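Note that these values count all heavy atoms, side chains included, but never hydrogens, waters or copies made by symmetry. In this text, all values refer to a predicted model and were calculated from it rather than measured experimentally. Residue numbers begin at 1 in each chain, while the letters A, B, ... track the order of the sequences.
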Number of protein chains: 2
Amino acid sequence: MLSFVEENYLKAIYHLSNSGAEAVTTNALAEEMHTTPASVSDMVRKLSKKEVVHYKKYQGVNVSEEGKLIALRVIRKHRLWEVFLVQKLDFNWDEVHDVAEQLEHIKSPLLIQRLDEFLGFPKYDPHGDPIPDENGQFTESKREALSNTETGTTGVVVAVEDSGTAFLKYLDKVGISIGSKITVDDIIEFDGSMDITIDQKKSITVSKTVANNIWLA
Amino acid sequence: MLSFVEENYLKAIYHLSNSGAEAVTTNALAEEMHTTPASVSDMVRKLSKKEVVHYKKYQGVNVSEEGKLIALRVIRKHRLWEVFLVQKLDFNWDEVHDVAEQLEHIKSPLLIQRLDEFLGFPKYDPHGDPIPDENGQFTESKREALSNTETGTTGVVVAVEDSGTAFLKYLDKVGISIGSKITVDDIIEFDGSMDITIDQKKSITVSKTVANNIWLA
DNA sequence: TATTTTTTTTAGATAAACCTAAACAGTATC
DNA sequence: GATACTGTTTAGGTTTATCTAAAAAAAATA
């Protein structure tokens with residue numbers, strides 16, 4: 001049985017190795033965990049002894065098969081709680097993260113099973129991120145960053161890459177949410193910004209940075 | 001901000017001083033917390049420095065006004081989560097305690113406020129124990145043990161004294177739950193057992209022991 | 001290739017929550 | 001009132017997760 005802290009490290013390692021380099025460096029992990037490289041070295045050695053990560057000195061870390069499953073179960077809990085908070089308790093999607101960060105560590109398989117059922121077995125969280133099942137399996141879906149599409153493309157927003165408050169507030173302001181239908185009207189070559197129409201009503205221009213953070217399907 | 005462990009000590013001190021002696025002894029607290037008297041001494045000194053308990057060496061402990069409010073807020077969270085587990089996630093009332101023991105330490109005033117609202121501002125948990133408000137105030141209610149009533153009395157079950165699995169299973173079997181309407185048809189003087197009617201439908205006989213553990217209002 | 005810089009690890013310390021063993025305070029018994 | 005007993009506290013040690021400072025390894029640069 002892993003501690004809260006160990007679970008959080010595992011989640012961070014899984015997350016980092018899923019978004020870039022194959023081996024997660026000590027410094028990157030220290031930054032992600034808001035701690036020092038020295039602390040990371042200690043913890044990683046401990047996780048390695050528990051066989052939930054693969055680790056060789058100076059070579060970075062990666063989750064083991066067992067560690068990956070543990071990380072995915074924590075992610076599952078996190079995302080199910082986010083659905084609960086938004087759908088049942090009327091939280092805004094930018095208010096849920098800190099609370100879900102706590103709730104994800106509650107240990108009770110029955111609780112998660114019942115919560116899943118209560119929520120109607122959701123497959124995506126309020127940010128559009130997929131919810132793995134208890135075996136760590138995702139319901140696969142093809143998706144594409146808005147910034148990768150061509151003029152004339154139409155798609156539905158299924159996820160956002162950046163879950164930070166600032167970005168979500170911006171999306172609320174311009175009227176984009178999960179489920180919004182977006183049509184690409186024009187792409188400005190100069191800076192990669194895009195003219196888009198939201199739900200066939202409102203037309204706006206979004207920067208390349210914004211377009212990079214919106215997933216369509 | 002208190003740690004999980006400190007919150008649990010505070011809850012235990014509050015609980016013990018509310019059910020017996022005025023000053024809680026080190027040994028009693030050690031037993032309640034499943035730890036050693038030495039550990040209790042350490043912790044109590046620490047809580048005293050934080051001014052959440054009153055403590056003089058060799059004289060036992062008691063919660064301070066501030067400590068009492070903290071303890072009551074933890075109890076509030078515990079009981080609200082119990083209501084959630086039973087009402088929304090279909091837990092049996094004898095399955096909720098361990099999970100609520102974890103959930104009670106989640107720190108988010110907004111979460112508790114919204115949960116309270118979602119549950120319809122319940123005043124009692126599934127065992128009939130009263131839920132304090134955020135200021136530690138209980139909604140007072142007059143209640144009476146079934147065993148203390150007279151023939152002809154009608155009342156609603158508002159609480160059970162014994163929350164053990166065996167008793168709760170028995171109540172489920174005979175069809176008594178919180179909210180059941182009970183009419184006292186006859187009292188057998190010989191052993192104090194009672195003939196009662198449940199919800200104006202089913203008539204059964206309950207022993208004095210059972211009647212002692214059911215609260216009516 | 002030698003040297004500098006960056007990254008990573010180790011060494012040694014700290015705080016929280018616990019432990020065992022020993023000392024001390026308070027109470028009961030003779 | 002001295003002695004024994006029980007209850008409580010202190011002393012010293014452990015584990016977990018952190019830190020700073022220093023050492024070691026790897027990478028970058030001259």
Side-chain angles (χ1 to χ4, degrees), chain A residues 1-17 20-63 67 70-71 74 101-102 104-105 107, chain B residues 1-14 16-17 20-63 67 70-71 74 101-102 104-107:
Chain A
M1 182 110 309
L2 301 187
S3 69
F4 284 21
V5 177
E6 289 170 326
E7 282 188 354
N8 281 335
Y9 267 88
L10 220 44
K11 208 177 47 153
I13 295 165
Y14 174 79
H15 183 247
L16 287 174
S17 70
E22 46 190 80
V24 177
T25 67
T26 302
N27 271 1
L29 195 46
E31 189 170 350
E32 178 83 8
M33 298 294 298
H34 304 107
T35 183
T36 62
S39 302
V40 170
S41 275
D42 278 356
M43 179 54 86
V44 155
R45 196 168 33 76
K46 208 173 70 172
L47 291 174
S48 178
K49 215 181 304 176
K50 294 193 177 186
E51 299 185 341
V52 293
V53 300
H54 296 306
Y55 169 63
K56 283 229 176 82
K57 277 187 198 175
Y58 299 100
Q59 315 271 109
V61 258
N62 255 309
V63 293
I70 295 172
V74 175
E101 204 69 16
Q102 296 179 63
E104 73 186 10
H105 300 293
K107 264 120 189 148
Chain B
M1 182 110 309
L2 300 188
S3 70
F4 284 20
V5 177
E6 289 170 327
E7 282 187 355
N8 281 335
Y9 267 88
L10 221 44
K11 209 178 48 154
I13 295 166
Y14 175 79
L16 286 174
S17 70
E22 48 190 78
V24 177
T25 67
T26 302
N27 271 1
L29 195 46
E31 189 170 351
E32 179 83 8
M33 298 295 297
H34 303 107
T35 184
T36 62
S39 303
V40 170
S41 275
D42 277 357
M43 180 53 86
V44 156
R45 196 168 34 75
K46 208 173 70 174
L47 291 174
S48 177
K49 215 181 303 175
K50 294 193 178 185
E51 298 186 341
V52 293
V53 301
H54 296 306
Y55 169 60
K56 283 229 176 83
K57 277 186 196 175
Y58 298 101
Q59 314 272 109
V61 256
N62 256 310
V63 293
I70 295 171
V74 175
E101 204 69 16
Q102 296 180 63
E104 73 186 10
H105 299 294
I106 302 291
K107 264 121 188 148

Taking NE2 in A:H15 as the centre, count heavy atoms belonging to other residues, nucleotides or ligands within less than 6.0 Å. Is the count above 12?
no

What pairs of residues pass the salt bridge (charged side-chain N to carboxylate O under 4.0 Å, His left out) test when at least one of them lies in residues 3-17 of chain A, not counting sequence neighbours?
A:E6-A:K46, A:E6-A:K50, A:E7-A:K107, A:K11-A:E101, A:K11-A:E104

Which pair of heavy atoms, one from A:G60 and one from A:A23, lies closest together, and at what distance?
CA-CB, 4.4 Å

According to side chain to side chain contact (heavy atoms under 4.5 Å, CB included), who are the partners of A:T26, at least two apart in sequence or on a separate chain?
A:P37, A:V40, A:S41

Please determine whether a side-chain nitrogen or oxygen atom of A:K57 lies at a distance below 4.0 Å from atom OP1 or OP2 of D:dA24.
no

Would you give the length of the straight line joining atom CG of B:N8 to atom OG1 of B:T35, rounded to the nearest 0.5 angstrom?
12.0 Å

When you look at CD of A:E31, are more than 12 heavy atoms from neighbouring residues, nucleotides or ligands closer to it than 6.0 Å?
no

Nearest 0.5 Å, please: how far is OG in B:S48 from NZ in B:K57?
11.0 Å

Side chain proximity check, B:L47 to B:I13, heavy atoms < 4.5 angstrom
yes

Partner residues of B:H54 under the ring-ring contact (aromatic ring centres under 6.0 Å, His included) criterion, sequence neighbours left out:
none

Quick check for you: to the nearest 0.5 Å, what is the distance between B:L10 atom CG and B:L2 atom CG?
6.5 Å

Return the set of residues passing side chain to side chain contact (heavy atoms under 4.5 Å, CB included) with B:A12 (not counting sequence neighbours), or none when no residue passes.
B:L29, B:E32, B:M33

Calculate the interatomic distance between A:N8 atom CG and D:dT18 atom C1'; express it in whole Å.
15 Å

Collect all protein-nucleotide pairs involving nucleotides 2-7 of chain C in which both atoms are nitrogen or oxygen and the distance is under 3.5 Å.
none

Quick one: label A:Y9 by what it contacts on the DNA or RNA (base, sugar-phosphate, nothing), any heavy atom closer than 4.0 Å.
sugar-phosphate

Residues of residues 35-45 of chain B with any non-hydrogen atom less than 4.0 angstrom from an atom of DNA chain C: list those, numerically ordered, please.
B:T35, B:T36, B:A38, B:S39, B:D42, B:M43

In residues 48-55 of chain B, what residues come within less than 4.0 Å of DNA chain D, judged by heavy atoms?
B:Y55

Can you check the A:E7 CD to D:dT16 C1' distance for me, whole Å?
15 Å

Roughly how many Å is it from NE2 in A:H34 to C1' in D:dC19, rounded to a whole number?
17 Å

Mind calculating the distance between CZ (A:F4) and C1' (C:dA16) to the nearest angstrom?
15 Å

B:L29 CG to D:dG7 P, straight-line distance once rounded to whole Å:
15 Å

Could you check how far NZ of B:K56 sits from P of C:dG26, rounded to whole Å?
13 Å

